[in-house]
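These figures come from a predicted structure and were not determined experimentally.
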Amino acid sequence: QIKGLSGIKKKPDHYDGMFFTFKNKQIMAFHNNNVHLDLDVLWLDDFKIVGQDELSAQSKSGLQIITPSKPVNYVIELFK
């Protein structure tokens, strides 16, 4: 979970993103440090999407940190 999709320089053929699970609902921070591809981030509260953000490649936007607007227990990162 700490690494997420960082370090990946080319969109893989065998998967589209990453699914994160958290035992307790919380407001956590996701960042684009060492992220080379643009991502969509979906915030979920008990499998209901409650928000969406874009996380751009660090080379495009500099360091970005995003957080959900309310506590969530699932997060999906998808390659754009």
Side-chain angles (χ1 to χ4, degrees):
Q1 285 185 333
I2 293 171
K3 184 178 177 186
L5 297 173
S6 65
I8 297 173
K9 295 183 178 182
K10 180 182 174 193
K11 184 177 175 185
D13 293 330
H14 57 284
Y15 63 93
D16 294 319
M18 187 171 222
F19 183 74
F20 298 86
T21 62
F22 299 92
K23 185 175 182 174
N24 299 309
K25 293 179 185 179
Q26 56 187 306
I27 293 182
M28 73 287 295
F30 275 60
H31 58 81
N32 66 341
N33 186 40
N34 198 28
V35 172
H36 302 283
L37 302 169
D38 295 337
L39 303 174
D40 281 322
V41 179
L42 303 174
W43 308 105
L44 291 88
D45 179 2
D46 292 332
F47 297 110
K48 179 182 177 190
I49 296 172
V50 295
Q52 179 178 348
D53 283 299
E54 293 181 10
L55 197 56
S56 298
Q58 186 177 11
S59 62
K60 287 183 178 179
S61 63
L63 184 63
Q64 264 184 295
I65 299 173
I66 59 173
T67 59
S69 60
K70 63 182 269 181
V72 297
N73 52 343
Y74 301 100
V75 178
I76 300 172
E77 286 183 338
L78 296 169
F79 293 111
K80 287 187 153 253

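- Asn32 places no side-chain N or O within donor-acceptor distance of the main-chain N or O of Leu55, the cut-off being under 3.5 Å.
- In this structure, CG in Asp45 is found 6.0 Å from CG in Asn73, a value given to the nearest 0.5 Å.
- Not a single donor-acceptor pair under 3.5 Å links the side chain of Asp16 to the backbone N or O of Phe79.
- The line from NZ of Lys80 to CD of Glu54 is 3.5 Å long, rounded to the nearest 0.5 Å.
- Below 30°, between 30° and 60°, or above 60°: for Phe19 and Tyr74 the angle between ring planes is below 30°, a parallel geometry.
- Rounded to the nearest 0.5 angstrom, Leu78 CG and Asp38 CG are separated by 12.5 Å.
- Between the side chain of Gln64 and the backbone N or O of Ser56, at least one donor-acceptor pair lies under 3.5 Å.
- Counting heavy atoms from C-beta outward, Asn34 and His36 have side chains that approach closer than 4.5 Å.
- Residues Val35 and Leu37 share a closest heavy-atom pair of CG1-O, 3.1 Å.
- Atom NZ of Lys11 is surrounded by more than 12 heavy atoms from other residues, nucleotides or ligands within 6.0 Å.
- Looking at Asn33 and Gln58, their side chains come closer than 4.5 Å, going by heavy atoms from C-beta outward.
- Using a 4.5 Å heavy-atom cutoff, the side chains of Leu5 and Tyr15 are in contact.
- A distance of 10.5 Å separates CD in Gln52 from CG in Leu44, rounded to the nearest 0.5 Å.
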Step-by-step side chain to side chain contact (heavy atoms under 4.5 Å, CB included) determination, Phe20 to Val41: CA-CA 11 Å; Phe20 298 86; Val41 179; over 6 Å; no
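- A side-chain contact (heavy atoms from CB on, under 4.5 Å) with Leu42 holds for exactly one of Val50, Val75, Ile76, Asp53; it is Ile76.
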